[in-house]
Amino acid sequence: MTTPLNVTTHSFSDCQAQALALAERVATRLRTALAERGRAVLAVSGGSTPKDFFARLSRETLDWANVHVTLVDERWVPETDKRSNARLVRSQLLQHAASAAQFIPLYTGDPTPEAGLAIANARIDALPLPFDAVVLGMGDDGHTASFFPGGDHLAEALDLDGRARVLPMRAPAAGEPRITLSLPTVLETRALYLLVTGEKKRDLLADVRLGLDAAQNYPVRAVLAQSRVPVAVYWCP
Ligand SMILES: O=C(O)[C@H](O)[C@@H](O)[C@H](O)[C@H](O)COP(=O)(O)O
């Protein structure tokens, strides 16, 4: 029995075309927000996939000084660490025109995400939500954000009625302790994008759509099967 998904998929023959198309789409979303509300709010994910997207988006001409940029999730490391998503965003996205954006990191410098949770929650609470765009990635294990299989706060993070905006997350496949927006906060957006590459991730998404038993526990399924906001998947080989 297939899973009714709130998803449209945009497939590209090459990943530069994918990156450019998403950058143009997100830039349009930001320009609309700036025109209508005088400000825009963007949340992006880390990992290796978004580098080309970030490079393209960083060159888009718009009023970046009135754009708030934050992270969907973060590895609990300082920005001096190569694993830092804040480091990735500062070096790949907040360059060129986008260097003027207001960046709100999640890492607080506290020894653990649990210790930094109140500050991180306050930072997200202070944003003029809803987001205008949220860009997710996905791992080969079906995680997205830091919603990892076996995560210690996974059930709470995926609770659509949950009240926490940000949660700590420790999981076997997560590497460092993480901090992540909760699913209801990820879904508090005018537009939601899932940026994925490669056949393995394409097939994983197909398994979710087909409702295969193996896919039932992929955390990304919670994002694809919800009915609050449509998901636009951007895929390239
Ligand atoms: O902190 C992170 O790693 C991300 O936020 C995470 O959710 C990422 O999007 C996936 O792990 C995909 O990572 P790749 O793009 O490296 O495959």
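Atoms within each ligand, like the ligands themselves, are counted from 1 in listed order.
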- Item | Basic-acidic side-chain contact under 4.0 Å: Asp132, Arg29 | no
Starting from the N and O atoms of ligand 1, collect every protein N/O partner closer than 3.5 Å and put each pair on its own line with the distance to 0.1 Å.
| from | atom 1 | to | atom 2 | distance (Å) |
| --- | --- | --- | --- | --- |
| ligand 1 | 1 (O) | Asp73 | OD2 | 3.3 |
| ligand 1 | 1 (O) | Arg75 | NE | 2.8 |
| ligand 1 | 1 (O) | Asn85 | ND2 | 2.8 |
| ligand 1 | 1 (O) | Arg178 | NH1 | 3.1 |
| ligand 1 | 3 (O) | Arg75 | NH2 | 2.8 |
| ligand 1 | 5 (O) | Gly46 | N | 3.3 |
| ligand 1 | 5 (O) | Asp73 | OD1 | 2.5 |
| ligand 1 | 5 (O) | Asp73 | OD2 | 3.0 |
| ligand 1 | 7 (O) | Ala145 | N | 3.4 |
| ligand 1 | 7 (O) | Ala145 | O | 2.7 |
| ligand 1 | 11 (O) | His143 | NE2 | 2.6 |
| ligand 1 | 15 (O) | Ser48 | N | 3.2 |
| ligand 1 | 15 (O) | Thr49 | N | 2.9 |
| ligand 1 | 15 (O) | Thr49 | OG1 | 2.6 |
| ligand 1 | 16 (O) | Ser48 | N | 2.8 |
| ligand 1 | 16 (O) | Ser48 | OG | 2.8 |
| ligand 1 | 17 (O) | Lys201 | NZ | 2.8 |

- For the pair Tyr193 and Tyr234, name the ring-plane relationship: parallel under 30°, tilted 30 to 60°, perpendicular over 60°. perpendicular
- Item | Note: Glu60-Arg31 ion pair, threshold 4.0 Å (strictly below) | yes
- N-O pairing of Arg56 and Glu24 below 4.0 Å: no
- Under the ring-ring contact (aromatic ring centres under 6.0 Å, His included) criterion, do Trp76 and Tyr107 qualify, and how do the steps go? CA-CA 6 Å; Trp76 202 256; Tyr107 177 73; 4.9 Å; yes
- Should we say atom CG of Asp213 is surrounded by more than 12 heavy atoms from elsewhere, each under 6.0 Å from it? no
